[in-house]
Structure formats: structure tokens, C-alpha cells
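By convention in this document, chain letters (A, B, ...) are assigned in the order of the sequence lines, proteins followed by strands, and residues within each chain are numbered from 1.
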Protein chains: 2
Amino acid sequence: MAAANVRDVAALAGVSVGTVSNVLNQSKRVAPETARRVHDAIDKLGFIRNDAARQLRVGQSRTVGIMVLDVSNPFFTDIARGAEDALSQHGRSLILGNSGEDSARELSYLDLFEEQRVSGLLITPVGNVLSRLERLRDRGSPVVLVDRHENARTFSSVSVDDQRGGQLAVEHLLDVGRTKLAFVGGPKAVLQVADRSRGARDAISERGARPIRMVELDTMRADAGRVGAEQLLALAPADRPDAVFAANDLIALGVLQALTHAGVRVPDDIAIIGYDDIYFAANAAIPITSIRQPAWEMGRTATELLMAEIADPGLRDYRHVVFQPELVVRASTVSPG
Amino acid sequence: MAAANVRDVAALAGVSVGTVSNVLNQSKRVAPETARRVHDAIDKLGFIRNDAARQLRVGQSRTVGIMVLDVSNPFFTDIARGAEDALSQHGRSLILGNSGEDSARELSYLDLFEEQRVSGLLITPVGNVLSRLERLRDRGSPVVLVDRHENARTFSSVSVDDQRGGQLAVEHLLDVGRTKLAFVGGPKAVLQVADRSRGARDAISERGARPIRMVELDTMRADAGRVGAEQLLALAPADRPDAVFAANDLIALGVLQALTHAGVRVPDDIAIIGYDDIYFAANAAIPITSIRQPAWEMGRTATELLMAEIADPGLRDYRHVVFQPELVVRASTVSPG
DNA sequence: GACCCAAATTTAAACGATTCACTTTCAAAC
DNA sequence: GTTTGAAAGTGAATCGTTTAAATTTGGGTC
């Protein structure tokens, strides 16, 4: 009981395989009556097109890959949903890979995407994979960088002005009267983290404020945030900051959790500001002030850029869409009183 | 500059294509020196195996599909991570589809998975897709149901005893002295919702408590929870419940948000219990009591069941792993005092 | 009735890896 | 010195679809 193929369908419908293919792909005019017969045969046999064969012949897959830093972070799943929504309008589908901030896993997914000849790739890179991405592009799979402003200008990109975001965050903390700030953030190698902390330092020096204490973390997850907070708690009381700028909301949640657990009052003793404005930050034990990034729109826009490149493979006119971050003030930085 | 293929590699290495394939697949003994030459050629040409061709010949993909109800729900991404971790040990990769509780989207992903001849599928079904799944299995792609206890016993499954979970939730609410309960939950058609509410009603009648009010929602997302809460707020004060059992934590968060916004005190006026025990429920404005499901382990276990079926295609001995739910008490049901 | 044209359909050649039946090689055994 | 057999390597056939060139069909025109 082997699965039916185009030949079986053609035989049952009394046409040639070419006609079946034409019906399948609407690539050529087929008489309505013939098309009906072919569809009947397809239904009767339960024929499902073998995508591997199609792909081998055509040279490209109809799916687009997306690689995110962390599927557990709602910011990235929102991006993925934006991309998925946009893609389904183009009749393509999305396959999602999760690098989990792990460079080895990232490479192994890149292998997969490359072997699969995906028609395009959206990626927030972890490791140093630019040359891999260039190869991918040169082989016909355009790449759009997400949440990363690429200086080299060899790829289209969608990003948020993270430096400005960092500035906004620190300015807000200074505005509400905080003086001893700390930045708690993921590996410095992650560009977003670097940009946000640079913006923070810019704002500090612009305002002539006291230097910001840097606490570096291994990852951008909540558990790392707890570790970072514990480092702050271990400081002599005089050194302890009165405000924390967390590199993202998950870290902010971890910091909040650790501080609250240690009996520190938020925001009275220490204020907290996060980044991303995920749903759960707004609904945290103490609603967290954050820098909003338009995740869904970023996913959608990245997809549109990608589709433009897919449609016009010769295109060398890389576009860079930069969204502006937005401050959302909540209880973690301002006392309700 | 067409991409290199096995023939090019073979030519450069001075061997036949068969030997290249043997090196690629470790399927036959190849002399170390020959293997080295082949690898050198691969590196020099930047050869990337064309997976479509491989798949066409072999008849099956090396990837496993997973279809989740909602990528925005951390419960499902935790399952996916469990699956991914387990799969990577078997040298396979995962492609993730998001049905978003939408039956049409579910079907379109099933088409994709079927066309791709995935080597297996993990799925939490939305619509009535059992016959589709049977076809998939009969064509050589085993299917394991996730978070769904299948009576028909035609698939292996991993699930949680949701009826027991519903019972636990209601018993807890009664134990802390609540008498007027409400169940706020997603579409009744979703099996998990049905089981949880049945368990709730069982506990009610067992204890001889007052009947539980049912509030039915369209989805299992937080916004639906807010809508549900508003229905409760619209009730005459005498009818208003003093405890809410939400079908999952996202709904519980929505309910919490709407109640708090309306000035209702949680848990004093109304207690809330959720389901899943996602990270963000534990860290909500008022930490939410929940029924824990071991998501990561479920993903891992489902994968193991799937791998067993893949390894032994004749297997008709479907296994059903049922995890036990666990009550986790937090502030949303018991006053700190 | 010969001719032309467009529409509909057919046919056969790809696409690139894997596989399996078949050589070749070479050392050990008699 | 012949035989044997395991190890290493070869190469043609194959998987199922798409596609482009070729062919058929059937009016419409003169």
C-alpha cells in the first residue's frame, strides 16, 4: 500500500503527469473539466504531494526559517507570530529554530536550514555567523537580521534603537530621583545588551550622574537575573544601588523576585526597569516599568523585507527598518503614592 | 557558481559518488585516508548536502514536527524545549508549528508536515483530526498525542490526569473556606478544559458543595480571562463567586488583572487558582496558586515514545504515560496573614 | 478544404543523494 | 602457487515531482 504519487493520480484521472502537476501548481491553463477529474482522483487516492521531490526539482523550499534566541521569552514568540501571520498571507510557512543563546545549537540549526534550502531566513544571531549567513544568501536564501542593527550593511534588518532605549531607561531612573544605578545584563557579546548598556552610559555622562555599576550575566533569562540581584545584595549597604536597569524583562522579573525575597522594597529601596515590555512584566508582582519594543510588528516587517528579497533575487538594496523604543512607566519605578 | 553536489566532491576527492555517500552516512566502512580526502573536498567546495534529494531517495525526513496550541503560552514552549532536548540526543531536529487554537491553521500545518514526510509528529490537537493523524501514521509518520488522553488507544500519548487536577483545584478552594465557586475556561471542545471542569464538578458533588458556576470562554488566553472576569463582575453581588478556578494560568492572569482593576481584593474577596504552573503565574501581581503540570518532562517523554515507534515501525503497542498533577499553593488563594 | 492559431495536453529530461549488486585488491591459508 | 574471503570502492538505477519543448485538438478565416 505505497502512498499514491502523481503517476497514480494521472492514471486514475486519465491524463498525463504533466497535467496533474499543472493542476497542482496552477502554472498553466487546464480545462475545468480536466481539473475536476484530477481533483477527484487526488481525493480518491488520498494523494499528498511529496515535497522533497518538488523541492529537489525546483531547487528551493517554500518554507522560511526563523531562529530565535529563546523560545521561552515571549518577546521572541511575539516576533515569530508576527512573521507567521505575514507569511501565511504569502502562502508560505515558518519553521522555528531555537538557539537558546547557544552558539553550537545555532550552528546546528543553520546546517539544517541550509540542507533544507529554506527560501529565506529570519535570524537573531548569537555567535559569529555572518559568513555562514552570507553563504546562505549567496546560495539563494536571503537573510534578514532581526533585532540587530548590522553595520556592515550586507543584510536587510529590522531593529530597535537599543542605544536610545538604554538612554530612555536611565533618564527615567534619574528623573524619578535615583542616583546610584546598576545595569544587570546578559553576555556583553550580545549586541542588544551592548547597545542598551552603551545608551545607559551615554545618558549617565550626559547628565553628569554617578557612574553606573555593571553586573554581567551569562544569559538573558530570569534565573540569571536572580543571580545578578544576589550580587547586588552582597554589596556593602553604602554601595548598594537604588535602581536597576535590567537588559530585558525576564531578567527584571528575576531581579524583582530575588529582591522581594530578600525583603528589599521595590521601588522604595530599589527601583527596577526592564526592556521588551512583555505581557508578563506588566502583570508581575510589582508591575514592571519597561522599554517597549513592537515585537509583532518587527516580525511582520522582517518578513516583508524578506519577501521583497525573495521576489527579486538580484536585489542588493538592503533596507534597515529601525523602530523607536518607548518608555512604559509602571509601579516598579514610581511609588503609587 | 552552482552549489557543489556529491559528484563534484567525488571528482575532487578522486573517488566515486558512492564513496562520498558512504562517508556522509557512515553507512559502510571507508578507509580513513579516503574519508579524509573526501572531507577535505567537502570543505574546499563548501558542499552542503541537499536534504530534498536525500529525503526523496530515503523516503523520510529526519525532522520531527510538533504542533502546539499556543506558542505564546510558556506551558507549550516548555514542552517544546523538552522535546527538542530529547531529540537532539537522537540527532534529529524539531520543527514547530503553532495552531493557535485555530482548526484551519492546524490543518494547514498538518498538510505541511505530511508533504514533508516528517519522521514523526507530536501534537496537541485542536480540531477533529484523528483520521488525518491515522493516515499520517499509516504512511510511516508515527504520532504521539501530547496533553491529551486518548480513549481510542490508537496512538501513544502523554498526558496529565486533568480530571484529578480539576478535583485538586476545587478541593483546595473548598478547604480554604470558599463556597461559591466559578469555573472560567476555554472552549468546552478542548478536551483538557472538559476534563478539568468535570473534575471540578466531581469534587463539588463529592463534598456536597454548592454547584459551580460555569463561564465559557472562546480561547485559553489572558484576554479571554479578562472577558470572563467581567462577566463575573456584572453579576448581582449575591451571585458573585468568592473563588475562581481558571482553566489555565494565562486565563488566571487575565482574571486577576480584571478583578484587581475593578478594585476586587484577591484573595480576600475572590480567590483565584490557575492551571499549568507557568513561571509567570508564580511571579504575578499576586502569586497565583496553580496545578502544576511537568511540561518539560512531558515533552521529553513524548519524544521517547515517538522514538520508540520510529525505531520499530511495526509497533502497535501504544503506551500512555499519565503524569499526576500537583497543587502549588500561593497567595491568590490564601491570605498571607 | 487548406491554413493558422491558441488552448490543452503530453512527453521525457532533469534535480542530487542513496543503495545495492558488482568489481577489485590483497593478505592469509592451504 | 592457487584459493578464499573480507574490506574497500564503483556506478547505474532509483525516488516523485516540475518544466520546457513538442504535439494534438478544434475552431475560425480566407
Holding to side chain to side chain contact (heavy atoms under 4.5 Å, CB included), I want the full list of residues that pass it with [X], two or more places apart in sequence or in another chain.
X        : value
B:Val58  : B:Arg54
B:Val126 : B:Leu69, B:Ser99, B:Glu106
A:Ser141 : A:Gln60, A:Val118, A:Leu136

Self-check item: Pairing residues for A:Asp111 by the salt bridge (charged side-chain N to carboxylate O under 4.0 Å, His left out) criterion, not counting sequence neighbours
Solution: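 Per chain and number, A:Asp111 pairs via salt bridge (charged side-chain N to carboxylate O under 4.0 Å, His left out) with A:Arg132.
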
Residues at least two apart in sequence or cross-chain that pass salt bridge (charged side-chain N to carboxylate O under 4.0 Å, His left out) with A:Glu84, listed by chain then number, are B:Arg105

Roughly how many Å is it from [atom1] in [X] to [atom2] in [N], rounded to a whole number?
X       : N      : atom1 : atom2 : answer
A:Asp51 : D:dT17 : CG    : C1'   : 10 Å
A:Arg57 : D:dC15 : CZ    : C1'   : 15 Å
B:Gln55 : D:dT17 : CD    : P     : 13 Å

>> Quick check: do A:Leu112 and B:Thr63 have side-chain heavy atoms less than 4.5 Å from each other?
In response: yes

Comparing nearest nucleotides in DNA chain C, the 5'-proximal residue of the pair A:Leu56, A:Gly14 is A:Gly14

Assign each of B:Val17 and A:Ala52 the nucleotide of DNA chain D bearing its closest heavy atom; nearer the 5' end lies the nucleotide of B:Val17

Between the protein and nucleotides 5-9 of chain D, list every N/O to N/O distance that falls short of 3.5 Å.
from	atom 1	to	atom 2	distance (Å)
D:dA8	OP2	B:Arg29	NE	2.6
D:dG9	OP1	B:Thr34	OG1	2.4
D:dG9	OP2	B:Ala31	N	2.9
D:dG9	O6	B:Lys28	NZ	2.6

I'd like a table of donor-acceptor pairs (distance under 3.5 Å, sequence neighbours excluded) in which one partner is a side-chain atom from residues 72-79 of chain A, with atom names and distances.
from	atom 1	to	atom 2	distance (Å)
A:Ser72	OG	B:Arg81	NE	2.9
A:Asn73	OD1	A:Phe75	N	3.0
A:Thr77	OG1	A:Pro74	O	3.1
A:Asp78	OD1	A:Arg81	NH2	3.2

Per-helix bend value, the helix from C:dG1-D:dC30 to C:dC30-D:dG1, C1' rotation axes over five pairs per end, 10° rounding, shows 50°

Is the backbone of B:Gln116 close enough, under 3.5 Å, to the side chain of B:Gln55 for a donor and an acceptor to pair up by distance?
yes

The correct set of residues in residues 4-12 of chain B placing a heavy atom under 4.0 Å from DNA chain C is B:Asn5, B:Val6

Side chains of residues 3-14 of chain B: which donor-acceptor partners sit under 3.5 Å, not counting sequence neighbours?
from	atom 1	to	atom 2	distance (Å)
B:Asn5	OD1	B:Arg7	N	3.1
B:Asn5	OD1	B:Asp8	N	3.0
B:Asp8	OD2	B:Asn5	N	3.0

Span of DNA chain C engaged by chain A, first through last nucleotide within the 4.0 Å heavy-atom cut-off, is C:dA8 to C:dG16

Between the side chains of A:Ser119 and A:Arg92, is a donor N or O closer than 3.5 angstrom to an acceptor N or O?
yes

Contacts satisfying salt bridge (charged side-chain N to carboxylate O under 4.0 Å, His left out) that involve residues 61-76 of chain A (not counting sequence neighbours) are A:Asp51-A:Arg62, A:Arg62-B:Glu115

